[in-house]
Amino acid sequence: MQTDSIEKALAEVAACRALREKQLALRVENQRKLEAVAKPLYVLRSKKQLELRLQ
């Protein structure tokens, strides 16, 4: 009977570890996507640059 509870506990630990690894992988993937989107194509240093582009 005690081995059943130990096996259940080990299965729970394994399930939690798998879930944590999956969440970490998703977090890393989301971070990578966010960094790829966050980079601007150019940096606008002044309003004059913008006005020149619009003319």
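Values below: every heavy atom of this structure, side chains too, minus hydrogens, waters and symmetry copies.
In this view, Arg32 and Glu29 satisfy the salt bridge (charged side-chain N to carboxylate O under 4.0 Å, His left out) rule, not counting sequence neighbours. Judged as a side-chain hydrogen bond (donor to acceptor under 3.5 Å, both in side chains), and not counting sequence neighbours, the contacts of Gln31 are Glu35.
Note on residues 14-27: no pairs pass side-chain hydrogen bond (donor to acceptor under 3.5 Å, both in side chains), not counting sequence neighbours.
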